[in-house]
Protein chains: 2
Amino acid sequence: MSLKYAVLAALLEGEASGYELSKVFDVSLANFWPATPQQLYRELERLAGDGLIEARTVPQERRPTKRLFSLTEAGREQLGDFAAEPTRRPTAVRDEFLIKMQAMDGVDPAAVRALVEERRAWALGKLARYERVRERLLDGRTEQEHLREADRVGPYLTLAAGIAFERENARWCEHVLTVLDGRRTPAGPAGQPLG
Amino acid sequence: MSLKYAVLAALLEGEASGYELSKVFDVSLANFWPATPQQLYRELERLAGDGLIEARTVPQERRPTKRLFSLTEAGREQLGDFAAEPTRRPTAVRDEFLIKMQAMDGVDPAAVRALVEERRAWALGKLARYERVRERLLDGRTEQEHLREADRVGPYLTLAAGIAFERENARWCEHVLTVLDGRRTPAGPAGQPLG
DNA sequence: AGAAGCTACTGAACTATTTGAATAGGTGTG
DNA sequence: CACACCTATTCAAATAGTTCAGTAGCTTCT
């Protein structure tokens, strides 16, 4: 049900085709509402049918024709209503990796370590990408300037949430690696390393 | 597909009924793999059919009869295999609230503030519950002792991830409230407050 | 005494999401 | 020139997840 509003919110940035949206979702919105291209195309169809967005067909020279969608007044209004309502659903995190961590005690420590290191690398990669988006958003201003004066601060603040999340993720991975180190030689009464 | 392993991992704590699991999922596992009771009952049926868990019926005096499920050797093995494999799916966060934040710039600031304050309260509440679970897990030991010596550290570490996540959440909310304060009187050239 | 709420589970219908593939022309690499 | 990958979209099928309701006896509050 919320994909609808995620799409409307994405179109606040300006008109976009399904394909372009699927790229946007991949980098920024996916942070809090992931969607596959198929979902987006279907949702765009539905929203256009409901008159919340409108489409215009744009033929291109060396590319397939695309359909650009933009918010209608009705769409903008419904999005505004939604955004002012109290939130129904709490955050839902689905994380296969944390299931593995929950069950890690029956597993070869080297395999666990590999998993955690992979996750850490992935978090740091995402962080680097977010930072680049952030530079683009700030466009030379400082954070303070931007947050005080910009027309829209929503996108910056959600990005900041993503950054904090991935930073925390990486930190957690480092903590786990330390813990794994501390358990390599199970501590005897004197805590003497074995070899 | 991962609900399967989430259930198996939950049963590492010992045998449980569907109903009990639905409570466990509500407080701890829901942190990284939410599931409704209906999903759990269906999944338990499937897992029992596949021989990964086994059921025993326990009649009770003043309550309906319940079926307690526990891991079989086959189940334990499949869970171990899964937990050692590289992770296929990256973390998926679905957060209606952040969609609202993305779109917040067209909305009455008082309504936004109310939303953020609600979210902050909710994060702090969850944090308090997590801290209680943490005390119970540590059972008088310090974190260091527990992490070095306990048989299982997985549950503690995933809990720590949940704690870090909610802490970050609350911090982010506070940041947003500060930003909203800074924008109440849009800064003119001289930055003179208007009220 | 009546209402609400908990334990414990089941069923059916519905909506959402994922996966795989197909179409069709264009660009870039070796 | 073969091959892989990009733009841009659509279709079909399968799997996953949500919602609503119902059964049935018990406890707790008013």
Side-chain angles (χ1 to χ4, degrees), chain A residues 1-8 10 15-27 29-30 32-50 53 55-69 87-96 99, chain B residues 1-8 10 15-27 29-30 32-50 53 55-69 87-96 99:
Chain A
M1 199 77 267
S2 298
L3 176 57
K4 170 179 169 178
Y5 299 105
V7 169
L8 294 177
E15 63 178 1
S17 68
Y19 189 79
E20 284 158 2
L21 272 188
S22 79
K23 299 296 156 192
V24 170
F25 265 73
D26 231 34
V27 295
L29 252 347
F32 50 88
W33 208 277
T36 59
Q38 287 73 7
Q39 268 179 284
L40 293 173
Y41 283 116
R42 235 176 316 157
E43 197 61 43
L44 286 167
E45 221 50 67
R46 212 176 310 175
L47 290 170
D50 293 350
I53 61 179
R56 68 188 180 98
T57 301
V58 178
Q60 296 176 106
E61 285 210 353
R62 301 160 179 284
R63 306 240 161 262
T65 296
K66 63 182 175 180
R67 287 209 300 156
L68 287 181
F69 296 90
T87 307
R88 296 169 196 292
R89 252 170 284 282
T91 318
V93 176
R94 283 220 152 76
D95 195 343
E96 204 182 278
I99 299 177
Chain B
M1 199 75 271
S2 298
L3 176 57
K4 171 178 171 179
Y5 299 105
V7 169
L8 294 177
E15 62 178 3
S17 68
Y19 190 78
E20 286 159 0
L21 273 186
S22 78
K23 298 295 156 193
V24 170
F25 266 77
D26 233 33
V27 295
L29 249 349
F32 50 88
W33 208 275
T36 61
Q38 286 73 5
Q39 266 179 287
L40 291 173
Y41 285 117
R42 237 178 312 161
E43 195 64 39
L44 286 167
E45 222 48 69
R46 212 177 308 175
L47 290 170
D50 293 351
I53 61 179
R56 71 190 178 95
T57 301
V58 178
Q60 295 175 107
E61 285 208 354
R62 302 163 178 283
R63 305 239 163 265
T65 297
K66 63 181 174 182
R67 287 208 300 157
L68 288 180
F69 297 90
T87 306
R88 296 168 194 293
R89 251 170 286 280
T91 318
V93 176
R94 282 220 152 73
D95 195 340
E96 204 181 279
I99 298 176

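Below, chains carry the letters A, B, ... as their sequence lines are ordered, and counting in each starts from 1. The model shown is predicted, which means the values in this text are computed figures rather than measured ones.
- Among the protein residues, B/Ser22 comes within range of no part of the nucleic acid, since none of its heavy atoms lies under 4.0 Å from any strand.
- Residue B/Arg88 is out of contact with every strand shown, counting any heavy-atom pair closer than 4.0 Å.
- Annotation: of the two residues near DNA chain D, A/Gln38 and A/Arg63, the 5′-most nearest-nucleotide partner is A/Arg63.
- With C/dA8, D/dT7, D/dT10 as the choices, the nucleotide that has an atom nearest any side-chain atom of A/Glu45 turns out to be D/dT10.
- Of the possible donor and acceptor atoms, one in the side chain of A/Arg94 sits under 3.5 Å from a partner among the backbone N and O of B/Pro34.
- A residue-by-residue look at A/Pro64 and A/Pro34 shows that A/Pro34 has its nearest nucleotide of DNA chain C further toward the 5' end.
- B/Glu96 and A/Thr87 share no side-chain donor-acceptor pair at under 3.5 Å.
- A/Glu20 is not listed as a side-chain neighbour of A/Lys23, based on a closest heavy-atom distance of 4.5 Å or more.
- One cannot find a donor-acceptor pair under 3.5 Å joining the base of C/dT10 and the side-chain atoms of B/Arg67.
- Residue B/Arg46 places its side chain closer to D/dA16 than to any other of D/dA16, D/dA8, D/dT18.
- In this structure, the nucleotide among D/dT19, D/dT9, C/dT19 sitting nearest to the side chain of A/Arg89 is D/dT19.
- For B/Arg42, whose side chain is taken as the heavy atoms from C-beta onward, the closest listed nucleotide among C/dA24, D/dG17, D/dA24 is D/dG17.
- Residues B/Leu40 and B/Phe25 come closest through the heavy atom pair CD2-CE1, 3.8 Å.
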